[in-house]
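Everything below concerns the one structure shown next.
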Protein chains: 2
Amino acid sequence: MSIQGFTEVDQLAVNTIRTLAADVVAKGMAPVAHVLWSRFLNNNPKNSHWYNRDRFVLSNGHACALQYILLHLAGYKVSLDDLKNFRQVDSITPGHPEVGITDGIEVTTGPLGQGISNAVGLAIAQAHVGAVFNKDGFPLVNNKTYVFLGDGCLQEGVASEAASLAGHLQLGNLIAIWDDNHITIDGDTAVSFTEDVEARFRSYGWEVLHVTAGDNDLNAIAGAIAEARDNNAKPTLIALKTTIGYGSTKAGTHDVHGAPLKADDIKQLKTKFGFNPEESFVVPPQVADLWAKKAQAGEKANAEWDALLKKYEAQYPQDGAEFTRRVEGRLPDGWEKHLPVFTPDQPAVASRKLSENIINALAPHIPELVGGSADLTGSNLTRWKGAEDFQPPSTGLGSYAGRYFRFGVREHGMTAICNGLAAYGGLIPFGATFLNFVSYAAGAVRLSALSHLRVLNVATHDSIGLGEDGPTHQPIETAAWLRATPNLEFWRPADGNETSAAYLVAIKSVHTPSVLALSRQNLPQLEGSSIEKASKGGYVLQEEQNADVTLVSTGSEVSIAVDAAKVLRAKGLKVRITSIPCFITFDQQPHDYKVATLPSGAPIVSIEAYSTFGWAKYSHEHIGIDTFGASGPYLQVYKKFGLDGEQIAAKVEKVVDFYKKRGVQVFSPLDTAL
Amino acid sequence: MSIQGFTEVDQLAVNTIRTLAADVVAKGMAPVAHVLWSRFLNNNPKNSHWYNRDRFVLSNGHACALQYILLHLAGYKVSLDDLKNFRQVDSITPGHPEVGITDGIEVTTGPLGQGISNAVGLAIAQAHVGAVFNKDGFPLVNNKTYVFLGDGCLQEGVASEAASLAGHLQLGNLIAIWDDNHITIDGDTAVSFTEDVEARFRSYGWEVLHVTAGDNDLNAIAGAIAEARDNNAKPTLIALKTTIGYGSTKAGTHDVHGAPLKADDIKQLKTKFGFNPEESFVVPPQVADLWAKKAQAGEKANAEWDALLKKYEAQYPQDGAEFTRRVEGRLPDGWEKHLPVFTPDQPAVASRKLSENIINALAPHIPELVGGSADLTGSNLTRWKGAEDFQPPSTGLGSYAGRYFRFGVREHGMTAICNGLAAYGGLIPFGATFLNFVSYAAGAVRLSALSHLRVLNVATHDSIGLGEDGPTHQPIETAAWLRATPNLEFWRPADGNETSAAYLVAIKSVHTPSVLALSRQNLPQLEGSSIEKASKGGYVLQEEQNADVTLVSTGSEVSIAVDAAKVLRAKGLKVRITSIPCFITFDQQPHDYKVATLPSGAPIVSIEAYSTFGWAKYSHEHIGIDTFGASGPYLQVYKKFGLDGEQIAAKVEKVVDFYKKRGVQVFSPLDTAL
């Protein structure tokens with residue numbers, strides 16, 4: 001594609017975007033959008049999932065009208081009617097870009113700072129997959145990742161984390177274009193954002209380029225993008241000076257930030273750009289032509305790549321088959337046979353250690369499994385035997401073919417990057433930190449779930465069981481938050497079989513992220529657990545006919561429930577024990593199975609070292625911790641909070657008496673009308 | 001205090017810290033700790049709450065053994081026995097520093113990046129209170145804020161956000177000392193953190209100084225601190241090269257990061273530093289002497305300041321009384337009379353607008369109320385009439401006496417800064433963003449609660465009721481997370497009286513943070529609400545004897561519950577309506593009151609536009625949204641999710657039938673054994 005020789009048609013194309021944008025909601029990045037999409041983006045609108053396409057991310061997602069317009073012009077499945085349905089219920093043009101809703105959208109953006117961080121993940125993914133599969137004469141995977149971002153994204157900590165790592169990783173395939181318009185919702189950036197952004201990005205190891213006439217100078221824009229594209233040594237930030245709402249009478253003010261233009265302003269704008277002020281949603285034929293040619297070029301590029309892949313498959317049949325398997329998202333046959341199975345006579349092991357064993361067992365058999373830790377490798381136990389670090393070769397610390405990431409102390413950036421890795425396709429990413437610090441990444445965890453991305457969060461040190469580090473590190477409310485999040489599996493396995501089940505289901509859940517909450521302390525292998533049963537999310541660990549009480553628990557407290565049951569049985573009570581390692585997975589089971597697992601007829605008591613909030617959906621009475629935790633040796637901390645067999649048994653006796661005295665049939669909380 | 005002329009006693013004092021540290025857990029910042037605490041910190045260990053004391057923050061809180069040692073040596077209420085009880089249950093020396101647990105600890109740290117961000121808040125607080133109260137010859141408030149931080153803190157996004165704002169605000173009273181030891185838990189910082197930190201901080205507008213011999217050169221350390229202290233134009237970062245675990249045989253490796261030294265290593269270390277290897281927890285008399293003199297100087301400084309305040313009170317009685325009131329944390333008499341009261345005939349108003357009216361009403365009467373928004377001022381409606389921005393005077397945009405903060409798009413930094421503002425004392429800070437983005441600040445919100453800090457989070461656009469912005473901006477799981485957090489008030493008021501009640505209780509809750517969830521859309525003034533009733537956290541809005549059903553709801557859905565009740569009453573059903581604007585406040589009411597509010601005898605159905613997770617503690621059946629939201633005009637979005645009077649009434653009819661058919665007495669979920 002030529003990147004110079006812009007003609008009047010290009011100017012008309014820019015103005016088309018501007019007037020369409022005025023019809024939707026005004027934004028300022030029309031010229032760079034036109035140049036990037038019409039001359040640089042290597043994509044095929046007829047096949048938006050072409051694996052080697054250039055990725056485009058609109059990190060300032062509130063400007064999505066611009067992206068929908070580009071998708072329409074470029075020939076994706078976005079019609080003028082779709083543009084007219086902007087922000088309407090069940091339209092494919094929602095208020096912020098959502099992957100899976102709109103053809104051609106790569107990642108869900110809008111929450112500021114996420115898109116640029118996803119883009120770092122997309123760029124890492126290309127570097128990695130390219131390093132693994134490319135061969136001499138076969139540049140199978142060599143796409144670029146382009147991002148638009150505004151001042152808002154640059155202020156977000158998550159973006160700082162990801163940008164710092166991108167610099168360290170020398171991601172030359174990443175080009176970020178900063179809409180340097182000096183305007184945010186609060187007005188001029190002078191009120192709060194006066195740092196030297198360019199010096200900051202240089203300090204991260206980025207190249208920084210400038211375009212001063214971003215409202216008009218298509219050639220300068222193209223020159224900067226070309227320079228950035230051809231710089232493979234570093235990521236590049238292009239600082240593009242623009243005027244927000246260019247063409248509007250309110251250009252350059254924050255009045256046009258996110259708010260639609262007034263009708264008379266739209267008219268004068270259209271007149272100014274040579275359009276009929278009385279017409280709306282107009283694409284001049286020359287502009288449609290320009291885009292049709294671009295689409296043809298894209299189809300051709302895709303076809304050439306298909307041919308290249310065919311040749312590759314012929315010359316390297318094994319690599320070719322493996323590449324195709326990964327791109328199509330098929331898991332290797334029989335991978336799940338490598339999951340460890342346990343019997344009760346085996347020794348007690350911390351579930352973080354069980355997790356390490358699983359990662360060790362799976363890593364050789366699932367080569368698309370990639371991941372790392374936010375600087376807690378030795379505590380999270382996430383680095384498998386023989387792992388190579390993902391590092392720029394020049395560091396001498398690894399290579400781009402390496403699968404283990406050193407994320408640094410950057411939890412939010414890590415998870416947002418994992419979202420990008422998952423969105424790229426062909427990879428199953430995980431990130432690791434302490435469970436309590438998954439909340440640092442809450443903004444990105446939410447987007448994993450909303451975007452249906454299979455991201456695994458390995459979250460060790462999952463409760464007061466971590467002991468001495470104390471309440472600053474002990475999750476209390478975290479499980480409730482994650483269990484309340486739609487489309488997110490929060491797993492808290494109780495032993496070896498349950499940990500294997502957690503990984504089994506997490507990896508098979510192609511459209512759902514998981515958080516695996518793992519203990520620091522040792523957990524016994526339970527009588528009654530199995531991978532199959534635990535894979536249902538909940539099951540009866542110890543059945544008892546006509547039980548006086550059902551104890552329901554998760555993770556490290558299941559074995560404490562077993563202790564309590566022993567005390568209660570010694571007093572003649574009949575006790576059923578149920579384990580629910582994953583609420584959302586359990587909730588998906590048939591109603592009868594669920595009610596059989598938490599049956600009517602006797603009170604149900606939950607036991608968990610977390611806030612009791614949320615347990616009432618399964619239990620009548622709840623034993624937990626509704627304050628913050630405490631620092632000390634973990635068994636003493638458990639005792640302090642009443643979480644040992646003796647203290648629990650005493651409470652459960654009270655419960656049994658209470659419901660016996662009440663003398664009314666006890667119904668399972670799952671036996672409801674709605 | 002002299003800052004030069006270090007003698008052998010100083011070196012002995014450093015070695016005392018080193019050997020004590022080896023007895024607890026080894027760290028590398030002994031020399032700078034000694035220099036700062038013995039020569040610079042203007043504090044009075046006998047009166048740890050002296051208002052004008054220099055603040056010290058250990059942002060790398062995992063090194064708290066160092067801080068406990070310093071507190072012990074300096075004469076705070078930390079004994080050698082307390083040091084020996086390090087990390088034991090109920091000791092005052094927990095695994096990370098906790099404000100309120102240990103005398104002399106200013107803020108709770110450990111979660112990385114928080115301490116440095118709190119320090120920015122502490123520095124803002126000094127600048128503000130000083131600007132308001134200092135007068136010629138009366139430098140009443142002129143303390144400095146010193147922070148220690150490590151590589152981990154520097155990698156965290158929250159610290160980047162706060163540091164950028166600190167540079168913009170030209171906080172010359174802030175001195176951060178970076179333990180530049182090149183080691184994190186994953187090993188050398190070369191694996192993930194190779195950015196040019198100093199260039200980055202200069203890009204923020206900080207001064208950067210160096211000490212290369214941080215293990216030994218006390219004079220150089222003192223020189224750098226003095227230069228930083230005397231630079232009032234900019235915050236300063238001192239890059240201090242140190243060796244982690246200096247003196248240990250494993251010095252300079254990440255083996256000593258957070259792990260205790262082995263016994264033989266401790267012995268050789270003590271020998272190396274001239275201590276008896278067989279003795280533990282030793283403070284040589286010369287060192288004790290040095291610290292006793294420092295403590296005396298602190299007492300004297302405090303006494304001189306007391307005298308200055310007396311003089312100030314005599315010369316400026318009104319300002320003096322006001323200053324003392326604020327420092328003592330007493331609210332102005334009668335402030336609550338300014339809270340607006342509503343009757344049902346008044347028009348519908350969005351609760352974000354009601355909040356604006358309240359801030360307008362209170363700001364003139366509670367001058368210690370300070371706050372701002374993370375770049376959403378016009379949406380959060382948080383800037384009151386006549387507010388002045390808190391800005392460096394040189395910007396021409398405000399002054400340090402200004403009470404309105406422009407936090408920029410930095411949610412996590414904002415809340416961490418608010419924690420610092422609250423910890424300083426004499427201020428009631430608030431920060432504002434959309435409710436969905438409070439989760440960006442989760443790490444800091446948790447610490448507000450754990451640290452018992454009265455921080456108000458004004459969280460507008462609180463549900464699908466925000467409409468067009470769509471699911472990326474619509475909270476679903478957020479309320480569950482906040483309700484599960486100990487010591488946090490999550491308020492979701494339904495109308496004007498409830499909004500006034502939320503502010504009333506939030507401001508009166510001296511040791512508890514609040515999140516005020518406020519609607520974008522208009523809400524009618526409800527028949528049956530009052531400030532007094534809503535202040536209980538939950539109450540019967542519409543009573544009905546022998547009701548067939550109780551509808552329980554919050555916020556914008558209460559008026560929808562009223563609509564549903566109308567439909568149901570038209571069909572002959574008796575309906576009670578209960579509003580629970582704040583779960584944790586309601587939970588604190590007497591048992592009988594709570595059961596009367598959600599009584600036995602009929603099914604209870606919850607109605608809320610959030611995840612139903614957690615409602616079972618109050619209701620038998622739950623109507624809510626257990627998926628993500630949707631983009632569109634808000635009434636259509638409500639309809640899509642079944643949340644209108646008609647659709648709800650249909651479901652409630654089913655519920656009533658179900659329980660009638662069951663024919664068994666229905667008990668309130670609050671009528672439990674435990």
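Numbers restart at 1 for each chain; the letters A, B, ... are given by sequence-line order, proteins then strands. This one's a predicted model, so the numbers in the text were calculated from it and none came from an experiment.
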Using a cut-off of under 4.5 Å on heavy-atom pairs, state which of [options] scores highest against chain A.
{"options": "D389(B), N436(B), N487(B)", "result": "N436(B)"}
{"options": "Q665(B), H622(B), E411(B)", "result": "E411(B)"}
{"options": "G632(B), P111(B), P486(B)", "result": "P486(B)"}
{"options": "A190(B), G378(B), P603(B), S373(B)", "result": "A190(B)"}
{"options": "G205(B), P669(B), P471(B), G413(B)", "result": "P471(B)"}
{"options": "Q391(B), K639(B), K654(B)", "result": "Q391(B)"}

Is [X] close to chain B through its backbone or its side chain, or both, or neither, when contacts mean heavy atoms under 4.5 Å?
{"X": "L376(A)", "value": "both"}
{"X": "P475(A)", "value": "backbone"}
{"X": "E198(A)", "value": "neither"}
{"X": "A449(A)", "value": "both"}
{"X": "K651(A)", "value": "both"}
{"X": "A480(A)", "value": "both"}
{"X": "F583(A)", "value": "side chain"}
{"X": "T93(A)", "value": "neither"}

Hey, could you give me the [atom1]/[atom2] distance between [X] and [Y], rounded to the nearest 0.5 Å?
{"X": "T472(B)", "Y": "H62(A)", "atom1": "OG1", "atom2": "NE2", "result": "11.5 Å"}
{"X": "F613(A)", "Y": "W615(B)", "atom1": "CZ", "atom2": "CH2", "result": "8.5 Å"}
{"X": "T485(A)", "Y": "I476(B)", "atom1": "OG1", "atom2": "CD1", "result": "10.0 Å"}

What part of [X] gets within 4.5 angstrom of chain A, counting heavy atoms only: side chain, backbone, both, or neither?
{"X": "S160(B)", "answer": "side chain"}
{"X": "Q474(B)", "answer": "backbone"}
{"X": "A441(B)", "answer": "neither"}
{"X": "Y204(B)", "answer": "both"}
{"X": "D626(B)", "answer": "backbone"}

Residue selection (most heavy-atom pairs with chain B, distance under 4.5 Å) from D469(A), D657(A), T395(A), L482(A):
D469(A)
If we define contacts as heavy-atom pairs under 4.5 Å, which of A616(A), P97(A), S192(A), G95(A) has the most with chain B?
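The candidate making the most pairs under 4.5 Å is S192(A).
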For the side chain of [X] and the backbone of [Y], is there at least one donor-acceptor N/O pair under 3.5 Å apart?
{"X": "S631(B)", "Y": "P94(A)", "answer": "no"}
{"X": "Q636(A)", "Y": "V89(B)", "answer": "no"}
{"X": "H620(A)", "Y": "T672(B)", "answer": "no"}
{"X": "E161(B)", "Y": "G157(A)", "answer": "yes"}
{"X": "D375(A)", "Y": "I185(B)", "answer": "yes"}
{"X": "Q155(A)", "Y": "G408(B)", "answer": "no"}

Are [X] and [Y] within salt-bridge range, i.e. N to O under 4.0 Å?
{"X": "R410(A)", "Y": "E156(B)", "answer": "no"}
{"X": "R202(B)", "Y": "D196(A)", "answer": "no"}
{"X": "D671(A)", "Y": "R662(B)", "answer": "yes"}

What are the two closest heavy atoms between R406(B) and D186(A), and how far apart are they?
NH1-OD2, 3.0 Å
Determine the minimum heavy-atom distance between A673(A) and V655(B), stating which atoms define it.
CB-CA, 3.9 Å
Please evaluate residues F667(B) and V664(A) with respect to the criterion side-chain contact (heavy atoms from CB on, under 4.5 Å), reporting the C-alpha separation (whole Å), side-chain torsions for both, the decisive distance (0.1 Å), and the verdict.
CA-CA 10 Å; F667(B) 289 95; V664(A) 171; 4.0 Å; yes
One pair to check against side-chain contact (heavy atoms from CB on, under 4.5 Å): Q88(B) and E468(A). What are the steps and the verdict?
CA-CA 7 Å; Q88(B) 297 304 305; E468(A) 287 82 353; 5.6 Å; no
Using side-chain contact (heavy atoms from CB on, under 4.5 Å), reason through V409(B) and F193(A) one step at a time and then give a plain yes or no.
CA-CA 9 Å; V409(B) 191; F193(A) 189 53; over 6 Å; no
For the side chain to side chain donor-acceptor pair (under 3.5 Å) test, which of R446(B), Q114(B), H412(B) pairs with Y440(A)?
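Going through the options one by one, the only one that passes is Q114(B).
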Walk me through whether T612(B) and K617(A) qualify under side-chain contact (heavy atoms from CB on, under 4.5 Å).
CA-CA 9 Å; T612(B) 58; K617(A) 71 187 275 192; over 6 Å; no
Will you find, in the side chains of E195(B) and S203(A), an N or O donor that is under 3.5 Å from an N or O acceptor?
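No - no donor-acceptor pair under 3.5 Å links their side chains.
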Indicate whether the side chain of T194(B) and that of H168(A) have a donor and an acceptor atom separated by less than 3.5 Å.
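Side chains of T194(B) and H168(A): pair found under 3.5 Å.
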